[in-house]
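The block underneath contains the structure these notes are about, expressed in structure tokens.
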Amino acid sequence: MTDEWQGWREAAEQALYGPDGFYVRPGGPGPSGHFRTSVHASALFAGAVARLLGDVDESLGRPRELALVDVGAGRGELLSAVLAAAPQELSARVRAYAVERAPRPPGLDHRIEWLAEPPSGVAGLLFANEWLDNVPVDVAETDAAGVARYVLVRREDGEERLGDPVTGPDADWLARWWPLVPGGEPGLRAEIGRPRDAVWAAAVATLDAGLAVAVDYAHERTARPPFGTLTGFRAGREVRPVPDGTCDITSHVALDACALPGAELLSQREALHRLGVTAARPPLALASTDPAAYVRALSGAGEAAELTARGGLGDFTWLTQPAGSSRPGGIRPSGV
């Protein structure tokens with residue numbers, strides 16, 4: 001290491017994606033070994049994405065080849081589940097791409113192409129579940145005089161100190177999207193989301209036609225957390241963020257800043273309701289006429305409740321972004 005102190009963006013990039021980084025080291029359990037996402041919580045999530053893929057397919061006139069691009073694909077769990085959940089006629093036309101910086105896992109469905117970057121010039125659905133929160137960003141903090149300065153971190157132990165004042169495009173981004181009032185209270189923090197805006201716009205631009213969806217814990221300009229959200233995860237537990245490669249480094253996403261013209265922001269609860277996932281309990285009469293079906297339906301209702309729970313997975317935000325020359329709408333209400 002040439003410099004003991006680094007900005008959080010540089011330090012997290014190395015910790016997550018550098019040699020032997022948290023997400024790229026071979027032989028590890030992958031993200032599912034450290035935190036539980038909607039993909040791992042229930043097959044209902046993949047079923048909802050499969051229905052959304054069907055809606056996009058219909059809006060594009062049922063093309064001979066339909067792209068399904070999973071950005072931040074982990075070990076390919078979502079793509080495998082969507083291919084299994086989609087009707088055979090649809091899945092036969094799907095060309096599935098997993099976009100991930102880790103090596104291709106052994107035994108993955110041969111139909112899934114493994115790429116380091118999203119493919120360009122495709123038409124279909126681009127889906128990014130908990131990807132943008134792992135795009136490293138710099139952190140700003142106000143000093144004793146209320147001046148926003150970059151936060152520097154020491155990789156081996158996570159200790160921090162303040163660096164230079166934030167200037168240029170980063171300062172412009174803060175002024176527009178996460179204002180830290182000059183001369184205000186010291187210790188206020190913000191994650192500078194400009195790199196996330198850029199990679200999201202680039203991902204959307206790879207679609208010649210279709211819909212791009214980003215799903216993440218998020219916040220909006222009118223309710224930014226005053227001390228930021230930077231944290232770490234290891235083995236299912238939240239831990240102090242230390243950028244030494246032993247834990248996930250993550251922060252919530254300013255998805256409203258990422259949004260391009262025509263986008264819609266909605267909670268996961270609303271998005272999944274529109275896609276037919278509800279926690280409605282089956283009628284008790286079914287327990288008498290078909291006990292096995294009742295038990296299955298009751299289990300499904302419990303899984304749906306977890307995916308849509310307020311204070312939990314239901315609080316994720318979905319950013320839906322029509323893209324390209326043919327621009328399908330977002331997620332339609334169920335039954336429409």
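Everything numeric here is computed off the predicted structure, so don't read it as measured data.
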Considering residues at least two apart in sequence or located in another chain, which fulfil the side chain to side chain contact (heavy atoms under 4.5 Å, CB included) criterion with Asp256? Trp177, Glu220, Arg221, Arg224, Ala254, Leu265
Do Leu275 and Leu78 belong to the same hydrophobic cluster, where Ile, Leu, Val, Met, Phe, Trp and Tyr are linked whenever their side-chain heavy atoms lie under 4.5 Å apart, directly or via other members? yes
So ring pair (Phe, Tyr, Trp, His ring centres under 6.0 Å) across residues 234-261, not counting sequence neighbours, yields Tyr217-His252
Can you list every pair that meets salt bridge (charged side-chain N to carboxylate O under 4.0 Å, His left out) and has a residue in residues 133-147, with sequence neighbours left out? Glu141-Arg189, Asp143-Arg149
Between Gln14 and Pro243, is any pair of side-chain heavy atoms under 4.5 Å apart? no
Ile249 vs Trp8 side-chain heavy atoms within contact, under 4.5 Å: yes
Testing the basics here: between Gln321 and Ala259, what is the closest heavy-atom pair and its distance to 0.1 Å? OE1-C, 4.0 Å
Quick check: closest heavy atoms across Ile192 and Ala140, and the distance to 0.1 Å? CD1-CB, 4.2 Å
According to the ring pair (Phe, Tyr, Trp, His ring centres under 6.0 Å) rule, which pairs have a member within residues 95-122, sequence neighbours left out? none
Heavy-atom closest pair, residues Val69 and Pro118: CG1-CB, 4.5 Å
Spacing of Leu90 atom CG and Leu66 atom CG [to the nearest 0.5 Å]: 6.5 Å
Going by heavy atoms in the side chains, are Val94 and Arg111 under 4.5 Å from each other? no
List, one per line, each side-chain donor-acceptor pair under 3.5 Å for residues 162-172, sequence neighbours excluded.
unit_1, atom_1, unit_2, atom_2, d
Asp170, OD1, Arg194, NE, 2.8
Asp170, OD1, Arg194, NH2, 3.1
Asp170, OD2, Tyr150, OH, 2.7

Residues which pass side-chain hydrogen bond (donor to acceptor under 3.5 Å, both in side chains) with Glu58, listed by chain and number, not counting sequence neighbours: none
How many angstroms lie between atom CD of Glu77 and atom CG of Leu108, to the nearest 0.5 angstrom? 9.0 Å
Just jot down the side chain to side chain contact (heavy atoms under 4.5 Å, CB included) partners of Arg161, sequence neighbours excluded, or say none. Trp5, Leu152
If you round to the nearest 0.5 Å, how far is CD of Glu238 from CG of Asp248? 10.5 Å
Do the non-hydrogen side-chain atoms of Asp57 and Pro63 ever get within less than 4.5 Å of each other? yes
Evaluation steps, side chain to side chain contact (heavy atoms under 4.5 Å, CB included), between Asp55 and Leu125: CA-CA 10 Å; Asp55 290 345; Leu125 174 64; over 6 Å; no
Pairwise side-chain contact, Ser251 with Arg196, heavy-atom cut-off 4.5 Å (strictly under): yes
Heavy-atom closest pair (Pro179 atom, Ala175 atom, distance to 0.1 Å) is CG-O, 3.6 Å
Distance from Leu115 atom CG to Glu100 atom CD, nearest 0.5 Å? 11.5 Å
Working to the nearest 0.5 Å, report the span between CG of Leu211 and CG of Leu53. 10.5 Å
So do the side chains of Leu52 and Thr320 get within less than 4.5 Å of each other, counting heavy atoms only? no
Listing request: all ring pair (Phe, Tyr, Trp, His ring centres under 6.0 Å) pairs with a residue in residues 46-66, at least two apart in sequence or in separate chains. none
To the nearest 0.5 Å, how far apart are CZ in Arg9 and CD in Glu191? 14.0 Å
Not counting sequence neighbours, which residues clear side chain to side chain contact (heavy atoms under 4.5 Å, CB included) with Tyr17? List them please. Glu13, Tyr23, Val24, Arg101, Asn134, Pro136
Considering all heavy atoms, the nearest Gly210-Val56 contact: CA-CG1, 4.4 Å
Contact between Arg95 and Val122 at the side-chain level, heavy atoms closer than 4.5 Å - yes or no? no
Glu159/Arg154 ion pair, N-O < 4.0 Å: no
Let me check something: do Phe45 and Phe316 share a hydrophobic cluster, defined by ILVMFWY side-chain heavy atoms less than 4.5 Å apart, either directly or through other members? yes
State, with a plain yes or no, whether a side-chain heavy atom of Thr317 is found less than 4.5 Å away from one of Leu266. no
Determine, stepwise, if the pair Arg155 / Asp244 fulfils side chain to side chain contact (heavy atoms under 4.5 Å, CB included). CA-CA 5 Å; Arg155 287 190 60 195; Asp244 61 358; 5.6 Å; no
Given the rule that I, L, V, M, F, W and Y join up when any side-chain heavy atoms are under 4.5 Å apart, are Val213 and Val253 in one cluster? no
Honestly curious: do Leu16 and Leu230 fall in one hydrophobic cluster under the side-chain, below-4.5 Å linking rule? yes
Applying side chain to side chain contact (heavy atoms under 4.5 Å, CB included), name anything that partners Ala81, two or more places apart in sequence or on another chain. Ala46
Examine Leu60 and Leu126 and state if one hydrophobic cluster contains both, with Ile, Leu, Val, Met, Phe, Trp and Tyr joined whenever side-chain heavy atoms are less than 4.5 Å apart. no
Between Val153 and Val151, is the side chain to side chain contact (heavy atoms under 4.5 Å, CB included) condition met? List the steps. CA-CA 7 Å; Val153 62; Val151 177; 5.7 Å; no
Answer yes or no: does atom CD of Glu113 have more than 12 heavy-atom neighbours from other residues, nucleotides or ligands under 6.0 Å? yes
Checking one residue: Val239. Which other hydrophobic residues are in its cluster under the side-chain 4.5 Å linking rule? none
Nearest heavy atoms of Asp197 and Cys258, plus distance in Å: OD1-SG, 3.4 Å
Summary of ring pair (Phe, Tyr, Trp, His ring centres under 6.0 Å) pairs that have at least one residue in residues 119-138, sequence neighbours excluded: Phe127-Trp318
